[in-house]
Number of protein chains: 2
Amino acid sequence: MGVHDAMYVLGGKWKIYIITGLLFGPMRYSDLLRNITGISGKVLSRELKEMEINHLINRTVSSTQPVTVTYELTEYGESTKSIIGVLSEWGEDHREMIVKAK
Amino acid sequence: MGVHDAMYVLGGKWKIYIITGLLFGPMRYSDLLRNITGISGKVLSRELKEMEINHLINRTVSSTQPVTVTYELTEYGESTKSIIGVLSEWGEDHREMIVKAK
DNA sequence: CTGTATCCTGATTGATACTG
DNA sequence: CAGTATCAATCAGGATACAG
């Protein structure tokens, strides 16, 4: 089942939000940290590493002083736009249905 | 952002799989338990309860002996088909890209 | 059968300090 | 700036027993 594969790569609490952040262009580590509410540096590092291994994102180091690191979606990562798009659309269409169950 | 709302309702490890299970018709508690590999009874109960509060599913009790309980998607729950569909399609299209990063 | 209650363990996380 | 290491705290999950 393809759903399992998708969940393996995109599942968990943060990956969707990281991709959303990168959807409009490359971002630096600190930008992502500021942009994604609630995530900690440790978790962001780990998630980015996994996503790099999975070829969703590229990591680029600029040898400036101090060092800057930017992350951007690969072509493969961009292909998740369809998923984010549907999620976003569905969420907006059904906002009034949401009940705080947790 | 609609993505957050969608993630609130559908996020976590199991909801997508529960919905997938119910996509072809109502199922009983024990059927879901058998059908969804890895989930425990305790967690299934909790997830179903949350999904019921969120109006994704209906719970029907038949006063037979012993009691049987069936769960089925509401119309609202059915509307997530679009999401499952895209996830499944994406997963199948990109299966060869998946690397075991965790 | 369909759950709930309890206990217990391992994984996940946050905070902090630290490195290059 | 971009992380890593460490430790303490929290939480999620499994197993079991039990109730309706």
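Numbers restart at 1 for each chain; the letters A, B, ... are given by sequence-line order, proteins then strands.
- Rounded to whole Å, atom C1' of D/dA2 lies 17 Å from atom CG of A/Asn35.
- Shortest non-hydrogen contact noted between A/Ile18 and A/Leu32 is O-CD2, 4.5 Å.
- Between B/Lys81 and B/Glu78 there is a salt bridge, since at least one side-chain N of the basic residue sits less than 4.0 Å from a carboxylate O of the acidic one.
- The backbone N or O of A/Pro66 sits less than 3.5 Å from a side-chain atom of A/Thr64, completing a donor-acceptor pair.
- Using a 4.0 Å cut-off on heavy atoms, none of the residues of residues 56-67 of chain B approach DNA chain D.
- Annotation for A/Val3 and B/Ser88: closest pair CG2-CB, 3.6 Å, computed over non-hydrogen atoms.
- No donor-acceptor contact under 3.5 angstrom links the side chains of A/Trp90 and B/Thr80, judged on distance only.
- In this structure, the NZ atom of A/Lys15 is 11 Å from the P atom of C/dT12, given to the nearest Å.
- Minimum interatomic distance between A/Thr74 and A/Ile57 (heavy atoms only, all atoms of both residues): CG2-C, 3.6 Å.
- The nearest pair of heavy atoms linking A/His55 to A/Tyr76 is O-CD2, 3.2 Å.
- Proximity of B/Lys49 to the phosphate of C/dG3: no side-chain N or O atom is located under 4.0 Å from OP1 or OP2.
- At a threshold of 4.0 Å, the pair B/Lys15-B/Glu50 counts as salt-bridged, since one of the basic side-chain nitrogens sits closer than that to a carboxylate oxygen.
- Protein atom CD of A/Glu52 is 15 Å distant from nucleotide atom P of D/dA2, rounded to whole Å.
- Taking each heavy atom of B/Arg59 and B/Tyr71 in turn, the nearest pair found is NE-OH, 3.4 Å.
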Carefully, step by step, assess A/Leu56 and B/Met97 under the rule side chain to side chain contact (heavy atoms under 4.5 Å, CB included).
-> CA-CA 9 Å; A/Leu56 287 170; B/Met97 293 291 292; over 6 Å; no
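- Listed by residue number, the members of residues 38-48 of chain B with any heavy atom below 4.0 angstrom from DNA chain C are B/Lys42, B/Ser45.
- For the pair A/Leu10 and A/Ile16, the tightest heavy-atom approach, listed with the atom from each and the gap, is O-CG1, 4.0 Å.
- Taking every heavy atom of residues 19-31 of chain A and every atom of DNA chain D, pairs under 4.0 Å involve A/Arg28, A/Tyr29, A/Ser30, by number.
- In this structure, the CG atom of B/Leu33 is 14 Å from the P atom of D/dG13, given to the nearest Å.
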